[in-house]
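Just below is one structure, and these are the notes that go with it.
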Amino acid sequence: MRTNRLGDRLLHAYTWLIIVWLSAPIAVMILFGFNDKKSKSNTSWQGFTLRWYQELFSISDLSTALINSLVIAVASTVVTAVIGTMLGLALGRFRVRGKGVTNFLVFVAISTPELVMGSSLLSLFVSANMPRDSVTIIIAHVLFSLSFVTVTVRARVVTLDPSLEEAARDLGATPWGTFRQVTLPAIMPGVAAGAMLAFALSVDDYVVTSFVNGSTITFPLWIVGSVKTGIPPQVNVMGTLIFGVGVLIAVANFVSARRRRT
């Protein structure tokens, strides 16, 4: 009994240590969004202020970079969600030629280092004489996010009961009607999860984007470029707001899932 209690205490202590370790950078980011700094550096606490929330968009280059990231993330997420849903549905439901090879390529894309993917995409765009801008960034983000959406949707598809679709067809539903009214609502949690993951990966990406961005500056690229002169508190504020939106989405998803269970 004592051994079990000691093991439980160690497990709880280890769990809390991991939580603190993962939460510490986020807590520092939130805290220094309220720092009343008097110099270029924002590395020491100098007082509390709400000034940076009021001057959130006072740095035009930073605001443009954030808007670029959000537009690129939304565009790549929409394309990825559509293609990934169709691919995940095909791999999870139908017996298609080359299914094994496609599954292999999907997981290869997930395991490929970002450095390799970024350099290969750069070589592709240079060989095709494509100007590097927001379009090439969107293409790159679709390519590295597609596998995550496909895997998420496929995992949802394999758990579906085929008799539901058969019943819909027996009742006179067309193939499109069956998909729209039966299949799509059933796999929507997987589609939504994959889309949110794709959006987060796109907003967060630095390595691949740095290869294919050309003159387009995204939020992560701007932050790295500002390290030499000092990262302004507005970056912490924007990061805090993005984190807060993510938390709200997670809480809403949890509450919605709990209501469905009851």
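The residues of the chain are indexed from 1 along the displayed sequence.
- Atoms OG1 and CZ, on Thr80 and Phe148 in that order, are 11.0 Å from each other to the nearest 0.5 Å.
- Val74 and Leu143 fall within a single hydrophobic cluster, where Ile, Leu, Val, Met, Phe, Trp and Tyr are joined by side-chain heavy atoms under 4.5 Å apart, directly or via other members.
- Residue Tyr53 qualifies as enclosed at atom OH: its count of foreign heavy atoms under 6.0 Å is above 12.
- Between Thr152 and Ala193 the shortest heavy-atom distance is CG2-CB, 4.0 Å.
- The shortest side-chain heavy-atom distance between Glu55 and Val237 does not fall under the 4.5 Å cut-off.
- Side-chain contact check for Phe219 versus Ile67: every heavy-atom pair is 4.5 Å or farther apart.
- Proximity of a side-chain donor or acceptor of Ser76 to a complementary backbone N or O of Ala73 within less than 3.5 Å is detected.
- The side chain to side chain contact (heavy atoms under 4.5 Å, CB included) test with Ile138 singles out one residue from Val212, Val78, Ile72, and that residue is Ile72.
- Between the CH2 atom of Trp21 and the OH atom of Tyr14 there is a distance of 11.5 Å, given to the nearest 0.5 Å.
- Atom OG in Ser119 sits 11.5 Å away from atom CG in Leu124 (nearest 0.5 Å).
- For the atom pair Leu115 CG and Ser210 OG, the distance stands at 8.5 Å (nearest 0.5 Å).
- Minimum interatomic distance between Ser69 and Val203 (heavy atoms only, all atoms of both residues): O-CG2, 4.4 Å.
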For the pair Ile187 and Leu184, evaluate side chain to side chain contact (heavy atoms under 4.5 Å, CB included) and give the outcome as yes or no after the intermediate values.
CA-CA 5 Å; Ile187 66 174; Leu184 185 59; 4.3 Å; yes
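- Taking every heavy atom of both residues into account, Trp222 and Ala65 meet most closely at CB-CB, 3.8 Å.
- The two residues Gln234 and Ser58 make their nearest non-hydrogen contact at NE2-OG, 3.1 Å.
- Shown here for Leu122 and Phe211, the closest heavy-atom pair between the two residues is CD1-O, 3.3 Å.
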Assess whether side chain to side chain contact (heavy atoms under 4.5 Å, CB included) is satisfied between Ile217 and Thr64, documenting all intermediate values.
CA-CA 8 Å; Ile217 302 299; Thr64 301; over 6 Å; no
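- In terms of hydrophobic clustering, with Ile, Leu, Val, Met, Phe, Trp and Tyr side chains grouped at heavy-atom distances under 4.5 Å, Leu201 and Val71 are assigned to different clusters.
- Note that OG1 of Thr218 and CG of Asp205 are 7.5 Å apart. Values are rounded to the nearest 0.5 Å.
- A pairwise comparison of heavy atoms in Phe179 and Leu89 identifies CE1-CD2, 3.7 Å as the closest pair.
- If you take CG on Leu121 and OG1 on Thr136, they are separated by 9.0 Å, rounding to the nearest 0.5 Å.
- Formation of a donor-acceptor pair under 3.5 Å by the Ser111 side chain with backbone atoms of Val108 is found in this model.
- At least one side-chain heavy atom of Leu241 sits less than 4.5 Å from a side-chain heavy atom of Leu56.
- Proximity of a side-chain donor or acceptor of Ser120 to a complementary backbone N or O of Met117 within less than 3.5 Å is detected.
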Quick one, Leu197 with Val149, criterion side chain to side chain contact (heavy atoms under 4.5 Å, CB included). Give me CA distance, side-chain angles, the key distance, then yes/no.
CA-CA 8 Å; Leu197 180 59; Val149 178; over 6 Å; no
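- In this structure, the side chains of Met238 and Trp52 stay at 4.5 Å or more apart for every pair of heavy atoms.
- Note on Trp45 and Ile26: same hydrophobic cluster, where clusters join Ile, Leu, Val, Met, Phe, Trp and Tyr whose side-chain heavy atoms are under 4.5 Å apart, directly or indirectly.
- Residue Arg93 places its CZ atom among more than 12 non-hydrogen atoms of other residues, nucleotides or ligands, all under 6.0 Å distant.
- Note: the hydrophobic cluster containing Ile249 does not contain Leu70 (ILVMFWY, side chain heavy atoms under 4.5 Å, direct or indirect links).
- Both Phe34 and Leu31 are assigned to one and the same hydrophobic cluster, defined by single-linkage of ILVMFWY side chains at heavy-atom distances under 4.5 Å.
- Side-chain contact between Met130 and Ile139 is present, with at least one heavy-atom pair separated by less than 4.5 Å.
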Pair Thr77, His141 - check side-chain hydrogen bond (donor to acceptor under 3.5 Å, both in side chains), show working.
CA-CA 8 Å; Thr77 298; His141 287 193; over 6 Å; no
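- A side chain to side chain contact (heavy atoms under 4.5 Å, CB included) with Val153 is found for one member of Thr150, Val157, Val151 and no other, namely Val157.
- Side-chain atoms of Leu66 and Ile242, non-hydrogen and from C-beta on, do get closer than 4.5 Å to each other.
- A heavy-atom distance below 4.5 Å is not found between the side chains of Leu221 and Thr216.
- Checked by atom type and distance alone, the side chain of Arg156 never pairs as donor or acceptor with a backbone atom of Met188 at under 3.5 Å.
- Counted within 6.0 Å of CZ on Phe48, heavy atoms from surrounding residues, nucleotides or ligands total more than 12; the atom is thus considered enclosed.
- Annotation: side chain of Arg132 is not in contact with side chain of Asn213 (no heavy-atom distance under 4.5 Å).
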